[in-house]
Amino acid sequence: MSAYSPHQDSATSIAENGSDYGSDVDDTTAYELLSQAESQPLRHVVLESIEEPLSEDDSTRQHPNSGVSHMQQSLDGVRQSSFKTRSHLDAREFREASIEVEYDEGNRVTFSPSRAPNEPQASRATSVEFDKNDTRSLLERFRTRPKKALSVTDLVSPAWCEQQYEYSLTKYGRVRRTPAMKQGSSVHKELEEQVRGVEVVIETVSKEDRFGLQIWNAIEGLRILRETGLTRELQVWGVVEGEVVIGIVDEISTSCPDENMEAAILEDLRNPKSGSQRKNRKSDQLPSDQRTLTNFLTSSQNGSVLENNPAFLGTLQQDKPSSYYVKDIKTRQSRTLPGPGSPSRPTHMQLMLYHRLLSSLAANEVPAEKIFERYSLDQNAHFSDKFIAEIGNLNIGAYAPSADQDGGVPLEMIQRQDPLTELLQHNTLALLWNLLMTEFARTLPTQGVNGPPISPLLTAEFRTASAKSRRGDDVIEEAGTLIGQRSFPFEAAVIDGYIRDEMAWWKGERETKGVEVEEAYKCRMCEFAEGCVWRKTKVEEGLRKSKLRSESRRKSEV
DNA sequence: ATTGCTGAACGG
């Protein structure tokens, strides 16, 4: 059964801690854990500081009609004497809009006649009561227009505990950010700026402008990937079982995190019969990332596709297929790695889902109209002059002939078009989407390259969340220090099955499942533990079982 | 969108 591991998880760790909580906890211990959760349910939850005001972002909020971009001054001045600009949309407005809607629903719930609608406490309590009687699916209640679209997080978080995610949604309409999450975000932001540069504000007029900026940022992300072999925080869109799903891929790079494991995986894909092959794979259902060695040098019509593709260069130098590697960076409070089994399931699913979404974008299989429709966008509306001009201005330094004496245009920019011209040529969402598709095809060609464009070797990288200790004035450990990493293979059957199962839950086709007894440790830090219906039934079940066991033990002793 | 989540010190 072991769902997702034909190969063992490979772990490289500085502070290895391999204990797998998913395996060796017996029922009695699990029962004790569940009971503990009862007596100290909130021990690891800082309730007060978790709650953030609705207008949390007010202080930093941009003008409503603006987005944020990134801009970077080149530091190694040899061939980059002019500067490089990068843009990146901050989707804050979209997010805020949808959060407001969610809270609106919280209020709408208060139309129950017995209660004053504008009393926050009462409204919260009753909204939970009311939710119990709401028979609509979670999808309808929380992820249907005009609320935000389904996200990778939405599909993956239930792998930790569906019941917890459901409580979060029905109580707050979202998951509340903890201090640990904020630390994580700042580590991520720093990593992103290493690649994209600092944020720059872009003015937008229409919602099409704002979505266009997101697409533009994704295009930039792909170009950065081709030029530098590394990109971070790449936005992806997809449609899963008819639902629009969006996500942000932490990191894609050209450096292979584990050559041996990759070789083993590729060998498995090429030769399913041999070695540690998994069950359930039918030969007519090979994953889309399988590639043969044929047509390697012959199939591409477009020379620049290959020239621009580091994967191509890689194959010239080495005898192994070269790919892009998807990675997710997780910051942690402790210096230990999570166990390789059940504790890693959410991360596995997250990375495999990114792999799926990236592959279908690379194959131009994503129906853009569905996405524009989901956000009520007019795919043929022209971007505003303001927006087009802003993008043109933003990047001007990178493309105009440099004023520096030794300068000229940076080498890596030569292949780039002037962004103003480019945006003018792709001045609607439909056209800009086409450009995005071209960039995907260029970066991750599905034909003509030796090996899968996106490696089936997926990796989670763990880093510390904060500066830990000091000795005197010496900082011993900085925030973001590497703890270790774990790699594992993409498995189509596993992620497909998982997606089907979670979508059934979102659609209300099956009941919510909480954690198994073996995973009762999760309850210890869950803010909903105290009132959790699932946990209650599990405690009873555990109690019943341990009674049964001690009875039969007594019998056998006699 | 994402962000994070599995005490530590102890005794044997």
Side-chain angles (χ1 to χ4, degrees), chain A residues 17-25 29-30 33 36-37 40 43-46 50 52 56-57 67-68 88-99 143 148-161 164-165 168 174-192 214 217-218 221 232-238 244-251 328-347 350 353-354 357 460 462-466 479-480 483 515-516 518-529:
Chain A
N17 173 354
S19 98
D20 181 353
Y21 288 77
S23 61
D24 54 6
V25 182
T29 318
L33 283 169
Q36 276 169 24
Q40 354 175 286
R43 201 164 93 189
H44 298 273
V45 182
V46 191
I50 288 171
E52 53 201 27
E56 183 229 6
D57 284 336
V68 176
H88 162 73
L89 171 74
D90 176 315
R92 193 175 288 141
E93 299 154 57
F94 286 115
R95 190 184 68 217
E96 283 178 351
S98 42
I99 285 175
R143 292 295 181 265
K148 64 180 176 187
L150 212 53
S151 69
V152 169
T153 308
D154 289 329
L155 285 172
V156 143
S157 300
W160 176 262
C161 176
Q164 183 187 39
Y165 208 62
S168 283
R174 59 172 178 152
V175 171
R176 299 198 294 177
R177 290 182 89 221
T178 62
M181 289 176 180
K182 288 179 182 169
Q183 283 185 317
S185 296
S186 82
V187 170
H188 274 255
K189 184 162 189 179
E190 200 165 305
L191 289 168
E192 180 186 4
Q214 289 197 57
N217 282 321
R232 293 221 167 95
E233 311 291 330
L234 182 75
Q235 168 115 44
V236 289
W237 297 266
V244 170
V245 172
I246 57 181
I248 305 257
V249 181
D250 240 359
E251 179 179 310
D328 199 69
I329 296 160
K330 301 286 183 200
T331 59
R332 292 175 64 78
Q333 302 296 99
S334 80
R335 294 208 44 129
T336 60
L337 286 183
S342 128
S344 296
R345 210 166 93 99
T347 305
Q350 185 180 8
L353 197 41
Y354 288 145
L357 295 173
F462 299 92
R463 311 183 91 107
T464 57
S466 59
I483 299 170
V515 299
E516 293 303 320
E518 296 79 20
E519 297 176 321
Y521 64 87
K522 291 174 179 174
C523 303
R524 239 185 348 213
M525 53 207 153
C526 175
E527 80 172 286
F528 307 110

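Order of the sequence lines sets the chain letters (A, B, ...), proteins ahead of strands, with each chain counted from 1.
Residue A:Q164 places no side-chain N or O under 4.0 Å from the OP1 or OP2 atom of B:dG4. Within the 4.0 Å cut-off from OP1 or OP2 of B:dG4, not a single side-chain nitrogen or oxygen of A:R332 is found. Residue A:S151 places at least one side-chain N or O under 4.0 Å from the OP1 or OP2 atom of B:dA1.
Between B:dA1, B:dC5, B:dT3, one nucleotide has an atom nearer to the side chain of A:K148 than all others, and that is B:dA1. Of the candidate nucleotides B:dT3, B:dG4, B:dA1, B:dG4 has the atom nearest to the side chain of A:T331.
At whole-Å resolution of the value, NZ in A:K182 and P in B:dG4 are 14 Å apart. Rounded to whole angstrom, the span from the CE atom of A:M525 across to the P atom of B:dA8 amounts to 12 Å. Atom CD in A:Q214 sits roughly 10 Å away from atom P in B:dA1 (whole-Å rounding). If you take CD of A:E233 and C1' of B:dT3, they are 10 Å apart, rounded to a whole angstrom. Straight-line distance from the CZ atom of A:R524 to the P atom of B:dA8: 10 Å, rounded to whole Å. Across the protein-nucleic acid pair, A:Q333 atom CD and B:dC5 atom P stand 5 Å apart, rounded to whole Å. The distance from atom CZ of A:R345 to atom C1' of B:dC5 is 15 Å, rounded to the nearest whole Å. Atom CZ of A:R463 is separated from atom P of B:dT3 by 14 Å (rounded to the nearest Å).
At a threshold of 4.0 angstrom between heavy atoms, the contacts of A:D154 with the nucleic acid are absent. At a threshold of 4.0 angstrom between heavy atoms, the contacts of A:S186 with the nucleic acid are absent. Using a 4.0 Å heavy-atom criterion, one finds that A:V187 contacts no nucleic acid atom at all. Contact annotation for A:Y354: backbone-only contact, meaning every heavy-atom pair under 4.0 Å involves sugar-phosphate atoms and none involves a base.
Of the inter-residue distances, the one linking A:I246 atom CD1 with A:Q214 atom CD reads 7.0 Å to the nearest 0.5 angstrom.
Panel note: side chain A:K522, backbone A:W160; a donor-acceptor pair is recorded below 3.5 Å. The backbone N or O of A:I329 sits less than 3.5 Å from a side-chain atom of A:D250, completing a donor-acceptor pair.
By the side-chain hydrogen bond (donor to acceptor under 3.5 Å, both in side chains) test, A:D154 is found to be paired with A:R143, A:S151, A:Y165, residues two or more places apart in sequence or in another chain being considered. Judged as a side-chain hydrogen bond (donor to acceptor under 3.5 Å, both in side chains), and not counting sequence neighbours, A:S186 has no contacts.
B:dG7 shows a glycosidic angle within 90° of 0 and is accordingly assigned syn.
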